[in-house]
> 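Before I ask anything, let me first share the structure, which is written out below as structure tokens.
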Amino acid sequence: MELSAMQLPGLIIAAPSSNSGKTVLTLGLLRALANRGVRVTAAKTGPDYIDPAFQAAACREKCINLDPWAMSGDQIVALAQRQAGDKSLLLCEGVMGLFDGAADGSGSTADLAAMMNWPVVLVIDVKGQSVSAAAVIAGFASFRKDVKIAAVILNRVGSDRHRVMIETACREHLPEIPVIGAVRRSDALSLPERHLGLVQAGEYDALDVFLDQAAGIIAEDVNLDQLIGLVSGRKLAVGSGNGSDAVIGIPPLGQHIAIARDTAFAFAYPHLLEDWHRQGAELSFFSPLADETPSNGANAVYLPGGYPELHGERLARAGNFKATLAVMAAKNTPIYGECGGYMVLGEALIDASGQHHEMLGLLPLVTSFADRKLHLGYRTLVLSEATALGAVGTILRGHEFHYASTIKADGTPLGNMATATGDDLGSAGLMKGSVFGSFFHLICQ
């Protein structure tokens, strides 16, 4: 049978650097398009928990991560295909600068754009420059032949005169790259932040008001018809499978996984949970902050990352939560914690003020925020102990992003960790019985 071709429709919003305003611009575009009736969904390049939650709120659809460093091409195509579904546009926000990736140079937004044949809309923060913006655009447009800069949006424009100067220079020097928007400077286009980035979407009571305000500004300042007209993407053969059944490669922790979910445990990747579900696992959710306990039928527990350091006192008082997990651990139920979840599995967590909070005590671990130190980057973790995640020697791919210091970590390490460039970081994490975890955020195998 001859196969016809279909297109995986996408568009990437990228910038020359971080702090160019692409996140808020992406949110405004998503809400403006959704309000207009466009069937739009969202993705985020690379490892990130916070931005995708905002994007999901903006387009009223879930948002996924597409990570060209951690994930294979088949995995990315499969995830993008599922996410796009019957939508007319998958709008993907880039990470850092367009060509920035891991320490080894791989995994950039540009790599994703080239892989998926998605055009790039370059967001230029023009505060403090005029004609020079055209030179920046020219450099980015010519840097990689396999990456197409399809259009430009000027951001933080100071005045009509400022806009005209830049647009004139772009028409003269870059007539093939249209300027489809010039977004004015506005205090309305800012979000509250904390030490890991933006405050979580679920903690921002006025989020819907903000998104509608941003959408109104963006709809006035960006030509949405031109934006939609740019959409293109990778050709897929209908009926060939195209990796749509590919999984991330991580076996479910159990047949029924109870997952902690609240503002202290908010960092769980949707693709991981979805793949566990696709492999037959039942998923249920509970809130440790509300002193809830896992569902009675659960035979595994997942404590994702988040901000337990901001809720140490409440977690220390969560008697039902603590007692139930102690019983489950005694019955050899797999209990897995990542980053914040890992810290909660320990004996104690010391917050930024130096206050000591008693945690679950299931691992011989004490962590502290009293002396903060940034740990950041892509990581591989080779399991040195067999767990529900894999046999000894299994290689997991993910990242690390935290400020906690380890005061005590006795006992059996979970595995050995290395950077994206292969630098050995030594043993990582802990395992005791059926309880295990580390600061490593799991993306895929």
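One is the number of the first residue; the rest follow in order along the sequence.
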> Please examine the side chains of E93 and T45, heavy atoms only from C-beta on, and report whether any two atoms are closer than 4.5 Å.
no

> Using the side-chain contact (heavy atoms from CB on, under 4.5 Å) definition, which of the options L430, L396, L381 pairs with L414?
L381

> Within a radius of less than 6.0 Å around CG of D205, do more than 12 heavy atoms belonging to other residues, nucleotides or ligands occur?
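No, because the 6.0 Å sphere around CG of D205 holds 12 heavy atoms or fewer from other groups.
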
> Tell me whether the centres of the aromatic rings in F439 and F401 are closer together than 6.0 Å.
no

> T26 and Q55: side-chain donor and acceptor closer than 3.5 Å?
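No pair is found: no donor N or O on one side chain lies under 3.5 Å from an acceptor on the other.
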
> Count the heavy atoms belonging to other residues, nucleotides or ligands that lie under 6.0 Å from CD of Q355, then report whether that count exceeds 12.
yes

> Can you tell me if K432 has over 12 outside heavy atoms packed within less than 6.0 Å of its NZ?
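Incorrect, the count does not exceed 12.
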
> Measuring from L112:CG to M71:CE, what's the distance to the nearest 0.5 Å?
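L112 atom CG to M71 atom CE measures 10.0 Å (nearest 0.5 Å).
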
> First locate atom CZ of F54, then atom CG of D51, and finally report the distance between them rounded to the nearest 0.5 Å.
8.0 Å

> Looking at D208 and R60, is any side-chain nitrogen of the basic one under 4.0 Å from a carboxylate oxygen of the acidic one?
no

> Show the atom names and distances, to 0.1 Å, of all donor-acceptor pairs under 3.5 Å that link a side chain in residues 118-127 to residues at least two apart or in another chain.
from	atom 1	to	atom 2	distance (Å)
W118	NE1	L8	O	3.0
D125	OD1	K127	N	3.1
D125	OD2	R156	NH1	2.8

> Under 3.5 Å, is there a donor on one side chain and an acceptor on the other for D67 and Y378?
yes

> Hey, are the side chains of S88 and V231 touching, using non-hydrogen atoms and a 4.5 Å cut-off?
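When only atoms from C-beta onward are counted, V231 and S88 do not touch, as no gap falls below 4.5 Å.
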
> Using the ring centroid of each side chain, check whether Y342 and F436 are separated by less than 6.0 Å.
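No - the distance between ring centres of Y342 and F436 does not fall below the 6.0 Å cut-off.
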
> For H356, does the NE2 atom have more than 12 heavy-atom neighbours from other residues, nucleotides or ligands under 6.0 Å away?
yes

> Could you tell me whether the side chains of Y307 and E309 share a donor-acceptor contact shorter than 3.5 Å?
no

> Hey, are the side chains of Q445 and I395 touching, using non-hydrogen atoms and a 4.5 Å cut-off?
no

> Does a donor on one side chain sit under 3.5 Å from an acceptor on the other, for H357 and D351?
yes

> Does a side-chain heavy-atom distance below 4.5 Å link K408 with L365?
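No; the side chains remain at least 4.5 Å from each other.
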
> I'd like to know if the side chain of Q255 pairs up with that of E282 as donor and acceptor (distance under 3.5 Å, no hydrogens or angles considered).
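No, because no side-chain N or O of Q255 sits under 3.5 Å from a partner of the opposite role on E282.
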
> Determine whether W276 and I257 make a side-chain contact, defined as any pair of heavy atoms from C-beta on separated by less than 4.5 Å.
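Side-chain contact under 4.5 Å: yes.
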
> Taking the side chain as every heavy atom from C-beta outward, state whether V344 and F265 have any pair of such atoms under 4.5 Å apart.
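Answer yes - side chains close enough.
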
> Would you say the ring centroid of F99 lies under 6.0 angstrom from that of F143?
yes

> Might you confirm whether atom CG of N296 has over 12 heavy atoms from other residues, nucleotides or ligands at distances under 6.0 Å?
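No, the 6.0 Å shell around CG holds no more than 12 heavy atoms from other groups.
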
> Distance alone, cut at 3.5 Å: any donor-acceptor contact between the side chains of T421 and D423?
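A pair is found: one side chain offers a donor N or O, the other an acceptor, under 3.5 Å apart.
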
> Rounded to the nearest 0.5 Å, what's the gap from CG on N416 to CG on L425? Could you check?
8.0 Å

> Nearest 0.5 Å please: distance from the CG atom of L376 over to the CD atom of E400.
8.5 Å

> When you check the side-chain N and O atoms of Y269 and H441, is any donor under 3.5 Å from an acceptor?
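No, because no side-chain N or O of Y269 sits under 3.5 Å from a partner of the opposite role on H441.
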
> Check the surroundings of atom CG in D410: do more than 12 heavy atoms from other residues, nucleotides or ligands lie under 6.0 Å from it?
yes

> Any side-chain heavy-atom pair from F321 and L325 closer than 4.5 angstrom?
yes

> Would you check if E338 and S438 make a side-chain contact, meaning some heavy-atom pair closer than 4.5 Å?
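They are not in contact (no side-chain heavy atoms under 4.5 Å apart), so the answer is no.
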
> Just by distance, with hydrogens left out, do T41 and Q83 show a side-chain donor and acceptor under 3.5 Å apart?
yes

> Measure the CZ-OG1 distance between F440 and T380 for me, rounded to the nearest 0.5 Å.
7.5 Å

